[in-house]
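See structure below.
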2 protein chains.
Amino acid sequence: MNHDSSLVNRLTDRLIAGELRPGERLSETALAKEFDVSRNTLREAFRVLGEQGLVTHIPHRGVSVASPSTADVVDIYRVRHHVECSVLEHAPRNHPNAVRMEAAVEAAEKFAAEENWLEVGTANMEFHNAVVSLSDSRRLMQSFSNVLAELRLAFLKVEVLDFLHAPFIGRNKEVVEIYRTEGPVAAAKILGAYLGDSERQVLGAYARAGQD
Amino acid sequence: MNHDSSLVNRLTDRLIAGELRPGERLSETALAKEFDVSRNTLREAFRVLGEQGLVTHIPHRGVSVASPSTADVVDIYRVRHHVECSVLEHAPRNHPNAVRMEAAVEAAEKFAAEENWLEVGTANMEFHNAVVSLSDSRRLMQSFSNVLAELRLAFLKVEVLDFLHAPFIGRNKEVVEIYRTEGPVAAAKILGAYLGDSERQVLGAYARAGQD
DNA sequence: TAGCACTCATTGTTCAACAAACATAGACGG
DNA sequence: CCGTCTATGTTTGTTGAACAATGAGTGCTA
């Protein structure tokens with residue numbers, strides 16, 4: 001684990017950075033050599049990533065980068081609705097981590113001005129992780145973070161990083177503002193509608209890309 | 001993985017059956033010999049179980065059966081509140097899987113009559129998994145199932161299987177009935193109160209057992 | 001008794017090997 | 001021409017042995 005958790009992190013970074021494309025086959029011997037670890041150590045990391053949903057493992061056929069289908073996208077948005085909305089709705093007013101949401105919005109705006117869409121995507125993920133952090137639940141945050149990472153693979157799959165995220169920066173901002181001014185319940189309502197729109201947009205991109 | 005997923009299952013079975021006690025150290029060589037697999041294969045299984053929260057891994061100190069602290073119990077109940085209540089509240093009326101809930105209640109009643117408390121616990125887990133299955137979300141069900149398994153370890157830790165589950169069979173039944181008659185929203189409310197009581201009871205058991 | 005060095009056991013990791021499953025290409029027959 | 005079957009090569013699944021690195025326990029010393 002000394003190296004192992006570091007290996008998992010290195011693999012995760014390359015996955016969500018899009019260097020390993022969704023659906024791409026991950027050869028054990030090739031990757032082991034590339035990361036300068038043994039096959040056995042790499043396989044341990046694969047099990048972790050598989051459990052997190054970032055990687056798909058089929059017995060005797062090896063692992064490949066997860067390539068979410070439309071069904072997966074729908075499933076992921078179901079999780080988002082339940083988790084994000086419930087957490088936000090029941091969050092106390094003035095939760096300390098609200099500043100995390102605001103910081104994420106600012107970061108997204110900054111990167112958007114630079115047209116650095118990959119970092120905009122990262123800031124967007126951070127925003128929604130911040131929302132879930134209002135639950136003060138380590139497990140909820142962990143599971144949710146995995147699901148969001150999987151969703152990023154969905155974005156990478158249909159290659160629409162840029163215009164897909166840009167319109168939603170403002171809506172993130174709106175959610176925080178409503179949370180501040182009108183409270184959690186109103187903010188949760190806004191967020192629910194937001195997620196619905198987001199889901200439609202991703203599914204639209206899938207349809208255009210002709211993906212399943 | 002051919003053997004591996006089977007190995008994970010075998011380990012999981014023994015964990016939630018209480019044959020491996022919470023906090024118990026799991027020696028690699030000993031367990032490998034016991035399950036007749038190599039150390040490397042066992043370590044792969046350990047990574048999966050670690051990611052599921054059933055096992056705790058500390059670098060250079062090996063893995064041990066998860067031994068949830070009171071903080072963990074609180075965290076787990078936070079997840080339960082958010083997930084179970086949100087799913088039930090937004091479930092459609094007459095969801096097909098409602099029969100799963102009813103079947104779980106019947107099973108629990110049957111085992112309770114036999115005073116088979118371990119199976120009562122299993123039926124109780126099945127009930128709550130059934131609730132979450134109303135979300136039609138594979139990921140939500142999977143994550144939630146892991147959390148419930150971890151909670152079972154908490155029960156095992158303080159050794160109060162019997163009287164802890166018995167009183168709640170009736171409340172499971174009540175939740176289904178309200179769901180049938182008054183609908184999801186009313187049922188979710190009942191369930192929320194139920195979970196609050198359940199949490200208090202578990203934390204009480206922890207306090208009595210003098211556990212952290 | 002507190003600190004310290006030493007020893008021993010366990011984990012972390014690698015390597016080489018082999019069986020088993022799979023994928024591919026070419027031969028064969030309809 | 002097309003589908004099926006077989007042979008071959010590749011990849012994964014799994015093992016056992018080996019060694020380094022870390023941690024835990026022990027007994028010594030002051």
Side-chain angles (χ1 to χ4, degrees), chain A residues 1-15 19-69 142 150 153 212, chain B residues 1-15 19-69 142 150 153 212:
Chain A
M1 265 295 187
N2 211 344
H3 251 202
D4 193 32
S5 59
S6 160
L7 178 57
V8 169
N9 289 340
R10 278 195 287 167
L11 282 164
T12 302
D13 288 345
R14 297 194 53 172
L15 284 168
E19 295 174 32
L20 301 170
R21 301 294 307 276
E24 182 179 341
R25 176 79 177 287
L26 299 178
S27 160
E28 293 188 352
T29 53
L31 260 192
K33 198 162 69 177
E34 187 173 340
F35 282 87
D36 197 41
V37 294
S38 75
R39 255 184 79 211
N40 284 320
T41 301
L42 180 64
R43 283 171 63 90
E44 289 185 22
F46 275 173
R47 292 302 174 279
V48 173
L49 295 172
E51 207 61 23
Q52 293 177 348
L54 285 177
V55 134
T56 300
H57 179 258
I58 303 178
H60 295 287
R61 286 199 216 174
V63 316
S64 40
V65 181
S67 180
S69 65
Q142 184 67 55
E150 207 177 338
L153 293 186
D212 58 351
Chain B
M1 268 289 185
N2 210 344
H3 249 204
D4 194 33
S5 59
S6 160
L7 178 58
V8 169
N9 289 340
R10 279 194 286 167
L11 282 163
T12 303
D13 288 346
R14 298 193 52 171
L15 284 169
E19 296 174 31
L20 302 170
R21 300 294 308 277
E24 181 179 342
R25 176 80 177 288
L26 299 178
S27 160
E28 293 188 353
T29 52
L31 260 193
K33 199 162 69 178
E34 186 172 341
F35 282 87
D36 197 41
V37 294
S38 75
R39 255 184 79 212
N40 282 320
T41 301
L42 179 65
R43 283 171 63 90
E44 289 186 22
F46 275 173
R47 292 302 174 280
V48 174
L49 294 173
E51 208 59 23
Q52 293 178 348
L54 284 177
V55 134
T56 300
H57 179 256
I58 303 177
H60 294 285
R61 286 199 218 174
V63 315
S64 40
V65 182
S67 180
S69 65
Q142 183 66 56
E150 207 177 339
L153 293 185
D212 56 352

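Values below: all heavy atoms of this structure, side chains included; hydrogens, waters and symmetry mates excluded.
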Is any side-chain nitrogen or oxygen of A:His57 closer than 4.0 Å to OP1 or OP2 of D:dG13? yes
Starting at CZ of B:Phe35 and ending at P of D:dT15, how long is that distance when rounded to a whole Å? 13 Å
With A:Arg25, which residues qualify under side chain to side chain contact (heavy atoms under 4.5 Å, CB included), at least two apart? none
Expressed in angstrom and rounded to an integer, what is the separation of B:His60 atom NE2 from C:dT10 atom C1'? 11 Å
Measure from CG on B:Leu31 to C1' on C:dT10 and round the result to the nearest Å. 14 Å
Intermediate values then yes/no, side-chain contact (heavy atoms from CB on, under 4.5 Å), A:Arg47 and A:His57: CA-CA 8 Å; A:Arg47 292 302 174 279; A:His57 179 258; 4.0 Å; yes
Contacts of type salt bridge (charged side-chain N to carboxylate O under 4.0 Å, His left out), residue B:Glu51, not counting sequence neighbours: none
Can you tell me how far the OG1 atom of A:Thr41 sits from the CG atom of A:Asp36, to the nearest 0.5 Å? 10.5 Å
Between A:Leu42 (CG) and D:dT14 (P), how many Å, whole number? 15 Å
Please tabulate, for the side chains in residues 61-68 of chain B, all donor-acceptor contacts under 3.5 angstrom to protein atoms that are two or more places apart in sequence or on a different chain.
| unit_1 | atom_1 | unit_2 | atom_2 | d |
| --- | --- | --- | --- | --- |
| B:Ser67 | OG | B:Lys157 | NZ | 3.3 |

Terminal axes of the helix from C:dT1-D:dA30 to C:dG30-D:dC1 (5 end pairs apiece), angle rounded to 10 degrees, sit apart by 20°
If you compare every side-chain N and O of A:Arg43 against the phosphate oxygens of D:dG13 (OP1, OP2), does one of them come in below 4.0 Å? yes
N or O in side chain of A:Arg61 less than 4.0 angstrom from C:dA21 OP1/OP2: no
Go through A:Phe35 and A:Leu11 one step at a time and tell me if the side-chain contact (heavy atoms from CB on, under 4.5 Å) criterion holds. CA-CA 9 Å; A:Phe35 282 87; A:Leu11 282 164; 3.8 Å; yes
Between P of C:dT10 and CD1 of B:Ile58, the distance in whole Å: 17 Å
Using the test side chain to side chain donor-acceptor pair (under 3.5 Å), find all partners of B:Glu19 that sit at least two apart in sequence or belong to another chain. B:Arg14
May I have the distance from A:Glu44 (atom CD) to D:dG13 (atom P), rounded to whole angstrom? 14 Å
Please round to the nearest 0.5 Å and tell me the distance separating atom CG of A:Leu20 and atom CG of A:Leu31. 6.5 Å
Is A:Thr41 close enough to C:dT14 that one of its side-chain N or O atoms is under 4.0 Å from OP1 or OP2 there? yes
For A:Asn40 and C:dT13, what is the distance between atoms CG and P respectively, to the nearest whole Å? 11 Å
Could you state the CZ-P distance from A:Arg39 to D:dT11, rounded to the nearest angstrom? 10 Å
Would B:Arg39 and B:Leu42 count as a side-chain contact (heavy atoms from CB on, under 4.5 Å) if you check the C-alpha gap in whole Å, the side-chain angles of each, and the deciding distance to 0.1 Å? CA-CA 5 Å; B:Arg39 255 184 79 212; B:Leu42 179 65; 5.7 Å; no
Pull out every residue in residues 20-30 of chain A that has a heavy atom closer than 4.0 Å to any atom of DNA chain C, ordered by number, or say none. none
